[in-house]
Amino acid sequence: MAEPLKNMFNEEFFNGFTKVLKHIIDDFDEHSFLSQIMDDEWENRGIVQRGIHISTTLKNFLPTDYKSAVAKILELINHVKETEYWLKVQDTKFGLSLEYAFLGGYIEQYGLDDYKISVEALEEITQFTSCEGPVRHFIIKYPNEMMEQMLIWSKHESWAVRRVSSEGCRPRLPWHKALPKLKENPSPIIPILENLKNDKSESVRKSVANNLNDIAKDNPEVVIDLVKKWQNKSKNIDWVIKHGCRTLLKQGNSEVMEIFGFGSIKNISIEDFHISTPKVKIGKSLEFNFKLLNNNKKKSKIRLEYGIYYKKANSNLSKKVYKISEKEYKENSITQINRKQSFKVITTRKFHLGLHQVSIIINGNEFEKYDFELIE
C-alpha cells in the first residue's frame, strides 16, 4: 500500500525545516517548536490539517507584525532554495515544493486583511510552492482587484505565476473552496485563458484545460464558443480544448461531438455483447466483449466508451463513463472489443454489493444497459 501523503511531514523534513528556521529566527527554540507540532492530535490529522497546524504553530515563532512575519517567510524560502532539498524538488516533474504549501496557507490564514502585502507575498511564494488554494480566499474577498491581479500574473515571466493565474480561479478546483460567482459567471476568467492557451509551459496549458473543464460543468456554451474560436490555431491549443471538453464529451454533448469530428452512428452498431463475469467478486474485474460494426462505405471516426452504473448506498445507480478508444475504424469493418473493469477496493470509491449495470456508448449515444452483480 502506498505511503499516506500526510507522512511527507516526517523527521527528515522537520530536520531540514528547523535547520533553516535557526538561520532566520533569533533564539529559535527547536525543542519547543517540535513539541507544539507533535502534539496529541498530530497522528490523527490528515495532510490538510497538518499543513494548517504547522502554519499556526509557525506563527508563534515569527514576528507579531504581519509585514515582518512575511519578510521572514520570504527569507526562509531563499534559504531553502540554497539547500539540497530544493535541488531534489527541481528534478521532480512539477518542480515546486509540495511539503512547504503551508507557507501559502499562512498568508491565507493571517493576511486576508493586508491585501497588498499578501498578494506580493503570494507572487513570490507560488514560485516555490503553488498557492492556487490561498489565492481563492483573496478572490472571494476582493473579487475585482484579485481577478485584475490574476490577469496581470497571466503575463508573468515565471511559469509558476502564470499557472496560478489560471489554476487559482478555476471555479471548481478539487480539494479547495469553490468560487460561486465564477461558477455563475466565468467571464472574468476568459481573458486569462486567452493569454495562456498557447503558453510554452505544459503545466500552464494543462491548467487552462482544467479550467475550461470546470467552466463547462456550469456554462457549457461558454466553452463551446471558445472551442470554435480557438480550434485549429495550433497543436498545443487543440490539445487544450480537447482536454478541456472531456466532461462534455463524456456527457455526449452533440455539438461538441460534431466539433471534434464524431458524427452520425446511423451505420454503426454493436453485436454479440457478452458479459463473461455476470457475478463479480470485490477485488476482481468485470469482463465483457462485443463486436463493433462500421457499415459505412468509408472509414469513420468513432469515440467508443462504456458506462458503469455503480450501486450507491441508497440503492440508486450512479453512472461513470470510461473511454475504450477514439480513432478511425475502417469501412465495412467488424472489430472485436474485449474489456475489463476492475472492482479492486480503492480509497476514492466505496463499492456496494448488488445490482450494477454496464452500457456501450458510441459518439455520445448510449446503447442497451446490461445487468451484472457485485458479490463478496
Side-chain angles (χ1 to χ4, degrees), residues 1-81 83-86 88-89 92 94 96-114 117-118 121-122 125-126 128-138 140-141 173-178 313 345-350:
M1 185 177 289
E3 180 81 3
L5 199 54
K6 69 178 185 178
N7 289 347
M8 67 182 181
F9 296 121
N10 53 28
E11 184 179 357
E12 180 183 3
F13 169 76
F14 283 115
N15 284 340
F17 183 35
T18 54
K19 187 175 181 180
V20 174
L21 288 174
K22 289 177 184 177
H23 280 285
I24 68 165
I25 299 176
D26 295 335
D27 301 323
F28 174 70
D29 189 337
E30 180 179 0
H31 176 74
S32 176
F33 178 78
L34 291 177
S35 295
Q36 291 181 44
I37 292 289
M38 302 297 176
D39 61 8
D40 293 340
E41 290 299 316
W42 175 255
E43 288 301 325
N44 297 325
R45 292 188 178 98
I47 182 172
V48 174
Q49 289 71 32
R50 286 188 177 189
I52 293 171
H53 178 60
I54 293 172
S55 60
T56 302
T57 304
L58 181 61
K59 185 177 187 295
N60 298 331
F61 294 81
L62 291 175
T64 53
D65 174 65
Y66 178 68
K67 183 176 181 179
S68 300
V70 169
K72 286 293 183 182
I73 287 174
L74 299 182
E75 186 181 347
L76 181 151
I77 289 173
N78 289 332
H79 274 281
V80 175
K81 285 184 175 180
T83 66
E84 187 178 343
Y85 167 83
W86 185 241
K88 291 179 180 177
V89 169
T92 63
F94 195 37
L96 295 175
S97 170
L98 177 61
E99 290 90 340
Y100 280 91
F102 60 82
L103 296 179
Y106 184 95
I107 305 301
E108 170 193 319
Q109 284 179 259
Y110 304 112
L112 272 175
D113 293 330
D114 291 277
I117 294 172
S118 296
L122 288 171
I125 296 171
T126 203
F128 175 71
T129 179
S130 184
C131 292
E132 67 259 26
V135 300
R136 302 172 75 76
H137 293 263
F138 288 85
I140 290 171
K141 184 164 184 176
L173 183 65
W175 290 28
H176 293 285
K177 217 170 189 142
V345 177
I346 54 176
T347 57
T348 54
R349 182 179 295 278
K350 181 175 176 60

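FYI, side chains are in, hydrogens and waters are out, and symmetry mates aren't considered; it's all heavy atoms of this structure. Residues take their numbers from the sequence shown, with the count starting at 1.
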SB check Arg50 Glu43 (cutoff 4.0 Å): yes

Treating Lys177 as the side-chain partner and His137 as the backbone partner, does any N or O pair qualify as donor plus acceptor under 3.5 Å? no

Is there a side-chain contact (heavy atoms from CB on, under 4.5 Å) between Phe13 and Met8 once you walk through the steps? CA-CA 7 Å; Phe13 169 76; Met8 67 182 181; over 6 Å; no

Minimum heavy-atom separation for Cys131 and Ile125, please, with both atom names. SG-CG2, 3.5 Å

How close do Ile107 and Ala121 get, heavy atom to heavy atom, and via which atoms? CD1-CB, 4.1 Å

Determine, stepwise, if the pair Phe128 / Leu76 fulfils side-chain contact (heavy atoms from CB on, under 4.5 Å). CA-CA 11 Å; Phe128 175 71; Leu76 181 151; 5.5 Å; no

Tell me the closest heavy-atom pair linking Ile37 and Phe14, and the distance in Å. CG2-CZ, 3.7 Å

Other residues, nucleotides, ligands: >12 heavy atoms within 6.0 Å of Lys19 NZ: no

Should Leu98 and Leu5 be marked as a side-chain contact (heavy atoms from CB on, under 4.5 Å) after you check the CA-CA gap, both sets of side-chain angles, and the distance that decides it? CA-CA 10 Å; Leu98 177 61; Leu5 199 54; 4.1 Å; yes

Check against side-chain contact (heavy atoms from CB on, under 4.5 Å), Gln36 and Thr56: CA-CA 10 Å; Gln36 291 181 44; Thr56 302; over 6 Å; no

Residue pair Gly111 / Ser118: nearest heavy atoms and the distance that separates them: O-OG, 2.7 Å

Quick check for you: to the nearest 0.5 Å, what is the distance between Ser97 atom OG and Leu103 atom CG? 8.0 Å

How long is the straight-line distance from OG1 of Thr126 back to CG of Leu96, given to the nearest 0.5 Å? 7.0 Å

To the nearest 0.5 Å, what is the distance between CG (Leu173) and CZ (Arg136)? 4.5 Å

At what distance, to the nearest 0.5 angstrom, does CZ of Phe9 lie from CZ of Arg45? 12.0 Å

Going from NZ on Lys72 to CG on Leu62, what distance comes out if it is rounded to the nearest 0.5 angstrom? 8.5 Å

Minimum-distance pair of heavy atoms, taken over all atoms of Tyr85 and Glu99: OH-OE1, 2.8 Å

Does the ring centre of Phe17 sit less than 6.0 Å away from the ring centre of Tyr100? yes

Test applied, side chain to side chain contact (heavy atoms under 4.5 Å, CB included); reference residue, Phe102; option that passes from Thr57, Thr129, Val48, Ile54: Ile54

Rounded distance [0.5 Å steps], CG in Leu112 versus CD1 in Ile140: 9.0 Å

Which heavy-atom pair separates Leu122 from Pro134 by the least distance, and what is that distance? CD2-CB, 4.0 Å

Proximity of Phe28 and Phe61 rings by center, below 6.0 Å: yes

Are any side-chain N or O atoms of Asp65 and backbone N or O atoms of Ser68, one a donor and one an acceptor, separated by less than 3.5 Å? yes

Pair Ser55-Tyr110, side-chain donor/acceptor within less than 3.5 Å: no

